[in-house]
A.B. asks: 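Structure in structure tokens, see below.
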Amino acid sequence: MKPSTKQLVFLITVSLAVFMVVMGSMTVSWLGLSPEEQSSIDAMLPKLLPYPMVGALILCVIIGGMVSLLFHYYITPILRLGEETKLISIANPNYRIVTNGAKEIIDLTNIINESAEAFSSLQNDVQAQIRSSQTELNEERTRFAALMSELPNGVLVCNIDGQILLYNVQAQRLFSSGIKEQKGKAQPQGLIGLGRSIFSILDRDPIVHALELLNTAMEKGQPSPITNFMMTLRNGQYLRVNMAPVFIEQRGKRRISGFVLTLEDMTRQIESDTRRDILIQSLTEDLQSSMAEIRTSISTILSDPEMQRDQLDSYRHTIDQAS
């Protein structure tokens, strides 16, 4: 309801109340008279009745004027003050209230404007600090990303839930190049990206086990625990993984909030080592066979000093070929 409507309703109510009180008083007074007194006053009633009605009308005018002044200087400014204060706090912090009214209302308006000015200044300072911190954070992130890009191995930074927060180009190449052939179709190992889960590209169990080892080492007092393990990816790649924790301080205690993984592709080295082991094993078997032939031939010659010439030459030829 608008303030003007409230004022009109209030005036009508007050006027009706005044007239009802005056008429009720006159009625009660009339009923309290005896019949003789009523008959004697009945002749004077046309002259007496206008005065109470005029008095009631004057009283209504006075009360109406006071009510109008009350609404003009207090009630209407207070209602407008509440609406404009809500406008400052919700929609436009830079808006300032301009109002007319009693001195108390004007003083209250000035206090609200001063508070709004202080709040706006504080908010601007906070926004400036946020922008400055964001700029510094971006610069640090850029420097860190440049440093990570120079590392020879892939690096992944994750939070405690395994969500990828940062990675370098080497890690991206490592997973994008991992392709295996299955049923005649090339299938990538997985997609790496910010916000994705590390468990979509690496097996969960080794990582969870490594985190448990880091927690155990931290509980034993190790300041900077590190663990490493080998992993075989679904595409057949072999990775050597080093895991280091990321700590945060909470209530004077350190806890692990994330982890850093350095990844080294060991596939070629392992394949090379495997080929080398196969060659060494084959060479060893060949050497053992040749040594057995030489030893058998020599043992036979030594056991039979009077061996015939042809047979002796045959064993000598065998020793020569085996050696």
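Just so you know, residue 1 is the first one in the sequence shown, and it goes up from there.
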A.B. asks: Salt bridge or not between Glu84 and Arg96? Use side-chain N to carboxylate O under 4.0 Å.
C.D. replies: no
A.B. asks: Ignoring hydrogens and geometry, is there a side-chain-to-backbone donor-acceptor pair from Ser89 to Lys86 under 3.5 Å?
C.D. replies: yes
A.B. asks: Kindly work out whether a path of hydrophobic side-chain contacts (I/L/V/M/F/W/Y, heavy atoms less than 4.5 Å apart) joins Ile75 to Ile112.
C.D. replies: no
A.B. asks: Taking Arg143 first and then Glu140, would you say they form a salt bridge - that is, a charged N and a carboxylate O separated by under 4.0 Å?
C.D. replies: yes
A.B. asks: Output yes when a side-chain donor or acceptor of Thr216 lies under 3.5 Å from a complementary backbone atom of Glu212, and no otherwise.
C.D. replies: yes
A.B. asks: Taking atom CZ as the centre, does Phe229 end up with more than 12 heavy-atom neighbours from other residues, nucleotides or ligands that are less than 6.0 angstrom away?
C.D. replies: yes
A.B. asks: Consider only side-chain N and O atoms of Asp161 and Gln163, and report whether a donor and an acceptor are under 3.5 Å apart.
C.D. replies: no
A.B. asks: To check you understand the geometry: which heavy-atom pair defines the closest contact between Cys158 and Ile198, and what is its length?
C.D. replies: SG-CB, 4.0 Å
A.B. asks: Assess whether atom CZ of Phe199 is packed by more than 12 heavy atoms of other residues, nucleotides or ligands within 6.0 Å.
C.D. replies: yes
A.B. asks: Do any N or O atoms from the side chain of Thr135 and from the backbone of Arg131 form a donor-acceptor pair under 3.5 angstrom?
C.D. replies: yes
A.B. asks: Please confirm whether the backbone N or O of Ile88 pairs with a side-chain atom of Asn94, one donor and one acceptor, at under 3.5 Å?
C.D. replies: no
A.B. asks: Will you find, in the side chains of Ser257 and Asn159, an N or O donor that is under 3.5 Å from an N or O acceptor?
C.D. replies: no
A.B. asks: Would you say the side-chain atoms of Ser299 pair up with the backbone N or O of Arg295, donor to acceptor, closer than 3.5 Å?
C.D. replies: yes
A.B. asks: Taking Asn113 for the side chain and Ile97 for the main chain, is one N or O donor matched with an acceptor at less than 3.5 Å?
C.D. replies: yes
A.B. asks: Hey, is OH on Tyr95 packed in by over 12 heavy atoms from elsewhere, all under 6.0 Å?
C.D. replies: yes
A.B. asks: When you measure from the side chain of Ser120 to the backbone of Ala116, do you find a donor-acceptor pair of N or O atoms at a distance under 3.5 Å?
C.D. replies: no
A.B. asks: Donor-acceptor pair, distance only, cut-off 3.5 Å: does the side chain of Thr318 make one with the backbone of Ser314?
C.D. replies: yes
A.B. asks: Determine whether a donor-acceptor pair (N or O, by modelled atom type, separation under 3.5 Å) exists between the side chain of Ser290 and the backbone of Asp286.
C.D. replies: yes
A.B. asks: Should Val155 and Val246 be counted in the same cluster of Ile, Leu, Val, Met, Phe, Trp and Tyr side chains packed under 4.5 Å apart?
C.D. replies: yes
A.B. asks: Is it true that, when you exclude Met291 itself, more than 12 heavy atoms of the residues, nucleotides or ligands shown sit nearer than 6.0 Å to its CE?
C.D. replies: no
A.B. asks: When you look at CZ of Arg204, are more than 12 heavy atoms from neighbouring residues, nucleotides or ligands closer to it than 6.0 Å?
C.D. replies: no
